[in-house]
There are 2 protein chains.
Amino acid sequence: MVRKPTSKETARKPNMREAILAAAEELFATNGFNAVSVRDIAQAAGANPGSVTYHFKTKDGLLLEIYRRHCGPMNLRRFELLAAAKRVRDLQDRLEAVVRAYVVPAFTSGSDLAGGGARFTRLRAVMSAEGNEVARKIIAQTFDDTSHAFIDAVHESLPHIPRTDIVWRSHFLLGALYYSLVTPDRVSRLSRGEADGSDAASAIEQLVQATVAAFQAPALDQAAPARRRPVVSSKT
Amino acid sequence: MVRKPTSKETARKPNMREAILAAAEELFATNGFNAVSVRDIAQAAGANPGSVTYHFKTKDGLLLEIYRRHCGPMNLRRFELLAAAKRVRDLQDRLEAVVRAYVVPAFTSGSDLAGGGARFTRLRAVMSAEGNEVARKIIAQTFDDTSHAFIDAVHESLPHIPRTDIVWRSHFLLGALYYSLVTPDRVSRLSRGEADGSDAASAIEQLVQATVAAFQAPALDQAAPARRRPVVSSKT
DNA sequence: ATGTGATTTGTACTATCGTACAAAAGATCA
DNA sequence: TGATCTTTTGTACGATAGTACAAATCACAT
């Protein structure tokens with residue numbers, strides 16, 4: 001079943017274009033965009049610097065292509081899982097399924113790349129932290145639909161919670177998700193080795209469980225209606 | 001009440017050293033470390049590039065000084081608030097106070113700078129995303145004590161939850177906290193203008209409420225003991 | 001085998017980077 | 001006022017950045 005590839009899709013023995021993309025993805029995701037030079041990428045991919053220019057024209061073009069590669073498949077998978085989640089009868093189960101539909105594709109692969117989902121999500125986290133313009137544009141116009149669909153689905157399971165609160169909480173979810181992928185070692189360190197921060201399965205379960213509970217928290221307006229505010233500051 | 005400053009604490013009419021620190025903090029926090037040049041910082045501070053070298057020797061030294069400036073006060077404030085929180089009788093209220101003790105100093109100022117707390121926390125978020133070495137070292141040895149104290153305090157309020165779960169959930173808290181400061185506009189956008197992502201008070205309340213609920217979620221081992229797992233994937 | 005188009009290589013150009021350093025300018029006090 | 005120390009300025013240097021481009025190399029249809 002080893003298909004001889006036609007000249008259009010691959011050129012040399014190894015697919016250099018793919019190697020460059022993979023190397024760039026990894027380096028960008030761990031060091032940020034500006035800390036990585038085109039020469040670094042080329043070296044990691046076993047390619048010549050000029051080859052990067054040939055395939056992607058500019059460094060920004062390379063980043064753009066990475067996003068193009070992953071956004072579609074990851075969103076598709078999210079919509080599939082979200083559709084399946086919406087068919088769950090039990091309301092509690094449905095909420096969990098909805099959250100899972102949002103979280104799982106970010107960790108596991110959105111495309112056919114092995115573990116590429118986590119790497120790409122980490123890349124998104126880093127780019128958003130750096131305020132990268134290229135990323136900001138493509139993310140806003142690619143993921144906002146998904147985010148709205150997700151927020152709506154959560155809202156359907158929790159009609160008594162104001163939409164505003166759900167937006168905040170889903171924002172926290174994304175932040176937690178990002179941070180789990182950015183510094184997994186911190187979890188291992190703070191748990192004194194009892195937890196493995198880089199274990200995707202654990203991260204998913206913990207994140208889903210915590211997030212479901214967070215979504216189910218009482219709305220802010222009516223929070224603790226008969227309780228006094230706990231002490232918050234010593235002075236002022 | 002205009003005190004003539006002694007020669008030791010300030011030299012020229014405006015304090016150039018402070019101006020450089022402030023400008024660097026702002027630029028690093030919004031663009032990342034590598035995207036900002038020493039010349040950018042100098043220009044934003046109205047100083048000469050050479051002046052940066054004079055005061056901080058290297059670019060890394062400048063970053064280090066920013067951390068030195070904030071870490072102490074912020075940690076001190078957290079310990080004060082944590083100590084006060086531990087004196088709260090009611091267990092539910094105590095948990096909320098503990099979470100608040102962790103969150104509030106990250107948003108409001110840890111030192112005497114106005115709004116400097118949020119800016120510095122955002123800086124920490126960006127540096128951690130970029131995997132900055134200087135930041136990683138100083139953070140691990142400065143904030144791990146605080147984090148452990150915080151985790152222990154939460155654990156005291158929730159003895160039935162395994163420590164591992166609490167570590168994960170406090171990790172999610174920090175991620176949510178970071179992300180709220182990095183891209184507040186996303187909250188405004190997704191809520192269609194109904195929420196203001198850059199309003200610190202709202203962010204704090206929302207974050208505290210959601211996090212308290214997340215901490216109170218059932219432990220993972222015993223999660224949903226009599227329930228079947230909801231559907232999670234269509235294939236495999 | 002050979003010509004043709006796609007890819008890779010090697011190298012060079014310009015811009016900007018972090019940093020160094022000497023000279024100028026200001027502050028401080030005898 | 002003049003001596004001395006601190007701070008600011010201006011400029012320069014070597015390294016490295018992104019990108020361009022011509023030459024070399026490869027895959028493959030003819």
Side-chain angles (χ1 to χ4, degrees), chain A residues 2-25 27-28 30-66 126-127 130 132-135, chain B residues 2-25 27-28 30-67 127 130 132-135:
Chain A
V2 183
R3 188 174 60 88
K4 182 85 121 340
T6 71
S7 65
K8 262 298 169 52
E9 51 186 21
T10 181
R12 277 296 167 58
K13 293 170 289 184
N15 196 332
M16 204 80 264
R17 192 185 142 93
E18 292 301 322
I20 293 172
L21 277 170
E25 208 178 296
L27 288 172
F28 286 157
T30 45
N31 302 104
F33 185 75
N34 295 288
V36 177
S37 71
V38 172
R39 287 168 176 82
D40 291 337
I41 297 166
Q43 185 167 25
N48 189 284
S51 198
V52 177
T53 308
Y54 171 72
H55 284 291
F56 307 100
K57 200 65 187 172
T58 69
K59 198 182 171 189
D60 276 353
L62 173 54
L63 181 64
L64 201 66
E65 183 55 29
I66 292 174
V126 176
M127 292 304 114
E130 285 188 319
N132 184 289
E133 270 303 306
V134 176
Chain B
V2 183
R3 188 174 60 87
K4 182 84 117 347
T6 73
S7 67
K8 262 297 166 53
E9 49 185 24
T10 179
R12 282 293 168 62
K13 293 170 290 183
N15 197 333
M16 203 81 266
R17 191 184 144 94
E18 294 300 324
I20 293 171
L21 277 170
E25 208 178 297
L27 287 173
F28 286 157
T30 44
N31 302 105
F33 184 75
N34 295 287
V36 177
S37 71
V38 173
R39 287 167 177 83
D40 290 337
I41 297 166
Q43 186 168 25
N48 189 283
S51 198
V52 177
T53 309
Y54 170 73
H55 283 291
F56 306 101
K57 200 66 188 170
T58 67
K59 197 182 170 189
D60 276 354
L62 173 54
L63 181 64
L64 200 67
E65 183 55 28
I66 293 175
Y67 271 80
M127 292 303 115
E130 285 188 320
N132 185 287
E133 271 303 306
V134 176

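Each chain gets a letter, A, B and so on, in the order its sequence line appears, and its residues count up from 1.
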Pairing residues for A:Ala22 by the side chain to side chain contact (heavy atoms under 4.5 Å, CB included) criterion, not counting sequence neighbours | A:Arg119

Output the distance between atom CD (B:Glu25) and atom CD1 (B:Ile41), rounded to the nearest 0.5 Å.
-> 11.0 Å

Expressed in angstrom and rounded to an integer, what is the separation of A:Met16 atom CE from D:dT25 atom C1'?
-> 15 Å

For A:Ser37 and D:dA17, is the shortest distance between a side-chain N/O and OP1 or OP2 below 4.0 Å?
-> yes

A:His55 side-chain N/O to C:dA6 phosphate OP1/OP2 under 4.0 Å | no

For residues B:Leu64 and B:Val134, report the shortest heavy-atom separation together with the two atoms involved.
-> CD1-CG1, 3.6 Å

Over all heavy atoms of both residues, which pair between A:Gly46 and A:Met16 is shortest? Give the atoms and the distance, please.
-> O-CE, 3.9 Å

Roughly, in whole Å, what's the span from CD in A:Gln43 to C1' in D:dG18?
-> 17 Å

Is the backbone N or O of B:Phe33 less than 3.5 Å from a side-chain atom of B:Glu130, with the two atoms forming a donor-acceptor pair by type?
-> yes

For atom CG of A:Leu27 and atom C1' of D:dG18, their distance in whole Å | 16 Å

For residues 42-64 of chain A, pull every pair meeting side chain to side chain donor-acceptor pair (under 3.5 Å), keeping only residues two or more places apart or in separate chains.
-> none

What are the two closest heavy atoms between A:Met127 and A:Gly32, and how far apart are they?
-> CE-C, 4.2 Å

Closest non-hydrogen atom pair between B:Arg39 and B:Pro49, with its separation = CG-CG, 4.1 Å

Give the rounded distance in Å between these two atoms: CD1 of A:Ile41 and P of D:dT16.
-> 17 Å

Scan A:Ser51 against the nucleic acid and name what it touches under 4.0 Å (heavy atoms): base, sugar-phosphate only, or nothing.
-> base

Can you tell me how far P of D:dT6 sits from CZ of B:Arg17, to the nearest Å?
-> 14 Å

Please tabulate the protein-to-nucleotide N/O contacts below 3.5 Å involving nucleotides 11-13 of chain D, giving atom names and distances.
{"from": "D:dA12", "atom 1": "N6", "to": "B:Arg39", "atom 2": "NH2", "distance (Å)": "3.4"}

In whole angstroms, the gap separating P of D:dG18 from OH of A:Tyr54 amounts to 21 Å

Taken to the nearest 0.5 Å, the spacing of A:Phe28 CZ from A:Asn132 CG works out to 9.0 Å

Watson-Crick and G-U pairing of DNA chain C, under 3.5 Å, as dot-bracket with | and [ ] | ||||||||||||||||||||||||||||||

Taking side-chain hydrogen bond (donor to acceptor under 3.5 Å, both in side chains) as the test, write out the residues that go with B:Asp40, two or more places apart.
-> B:Ser37

Interatomic distance, B:Ile20 CD1 vs D:dT9 P [rounded to whole Å] = 9 Å

Counting only non-hydrogen atoms, which of residues 57-65 of chain B are less than 4.0 Å from DNA chain D?
-> none

Rounded to the nearest 0.5 Å, how far does CD1 of A:Ile20 lie from CD of A:Glu65?
-> 11.5 Å

